[in-house]
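Some notes on the structure that comes next.
These numbers come from the heavy atoms of this one structure, side chains and all, not from hydrogens, waters or symmetry mates.
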Amino acid sequence: MQVWVDADACPRVIRDILLRAAERTGTPLILVANHVLPVPASKLVRQLQVAKGFDVADNEIVQRIEPGDLLITADIPLAAEALEQGADVLSPRGERFDKGTIRAKLTMRDFMDTMRASGVQTGGPPTLSQADRQAFANQLDRLLSSRP
């Protein structure tokens, strides 16, 4: 099992939690981004830099992710594709995506895109709170400790 991170939009504090968890559990961690990220020297952690462009990092993850892997992303379409391939998916806020709920999330995402395209100001997501960070760390620990 490997942990894949859609790292272009992943908050630094979440990356730091992931780095510590990878070392603590011996789980390989791959940060996928279109720019260089600071990555500590580790046999378990690597960065995969991809070309800049729309969905380039997402496409790379989809090509490489395998059943049983874990993906960290807030990108709903990417989460849906990873779930279809048998991966587990966790948002940086600690929300675990699953096949039973992803369709509703895709529908809401598409609705919000339509609203924004029509000129409605929908705002962005709230700032990542301490409770969000704790929820992420707890859910990550559950997922990593449940693996053989």
Roughly how far, to the nearest 0.5 Å, is the CG atom of L18 from the CH2 atom of W4?
14.0 Å
At what distance, to the nearest 0.5 angstrom, does CD1 of I30 lie from CG of L71?
10.5 Å
F97 and T73 have their tightest heavy-atom pair at CE1-O, 3.6 Å
For L83 and E81: C-alpha separation, side-chain torsions, deciding distance, then whether side-chain contact (heavy atoms from CB on, under 4.5 Å) applies.
CA-CA 5 Å; L83 286 168; E81 289 188 70; over 6 Å; no
Using the side-chain contact (heavy atoms from CB on, under 4.5 Å) rule, take L44 and T27 through it: C-alpha gap first, then chi angles, then the decisive distance, then the call.
CA-CA 7 Å; L44 295 168; T27 306; over 6 Å; no
Could you state the interatomic distance from CD1 (I61) to CG (L48), rounded to the nearest 0.5 Å?
8.5 Å
Just do the side-chain contact (heavy atoms from CB on, under 4.5 Å) check on E23 and L29 with the steps written out, would you?
CA-CA 9 Å; E23 292 297 328; L29 176 68; over 6 Å; no
Could you tell me whether K43 atom NZ has more than 12 heavy atoms of other residues or ligands within 6.0 Å of it?
no
Provide the closest heavy-atom pair for L70 versus V89 in the form atom of the first, atom of the second, distance.
CD1-N, 4.2 Å
Without swapping roles, check the side chain of D16 against the backbone of V13 for a donor-acceptor pair under 3.5 Å.
no
Between L144 and V3, is any pair of side-chain heavy atoms under 4.5 Å apart?
yes
Separation of N34 CG from K52 NZ (nearest 0.5 Å):
4.5 Å
Roughly how far, to the nearest 0.5 Å, is the CG atom of L143 from the CZ atom of R96?
4.5 Å
For residues 134-142, run the donor-acceptor check on the side chains, cut-off 3.5 Å, and write out each pair with its distance to 0.1 Å, sequence neighbours left out.
{"from": "Q134", "atom 1": "NE2", "to": "N138", "atom 2": "OD1", "distance (Å)": "2.9"}
{"from": "N138", "atom 1": "ND2", "to": "Q134", "atom 2": "O", "distance (Å)": "3.3"}
{"from": "Q139", "atom 1": "OE1", "to": "R142", "atom 2": "NH1", "distance (Å)": "3.4"}
{"from": "D141", "atom 1": "OD1", "to": "R24", "atom 2": "NH2", "distance (Å)": "2.5"}

Give the minimum heavy-atom separation between R12 and P38, together with the two atoms involved.
NH1-CG, 3.5 Å
Quick one: CG on L31 to CG on D6, what's the gap to the nearest 0.5 Å?
10.5 Å
Looking at I65 and Q85, what are the two nearest heavy atoms and their distance?
O-NE2, 3.5 Å
Which heavy atom in D69 sits nearest to a heavy atom in R64, and how many Å separate them?
OD2-O, 4.5 Å
For residues P92 and P11, report the shortest heavy-atom separation together with the two atoms involved.
CB-CD, 4.0 Å
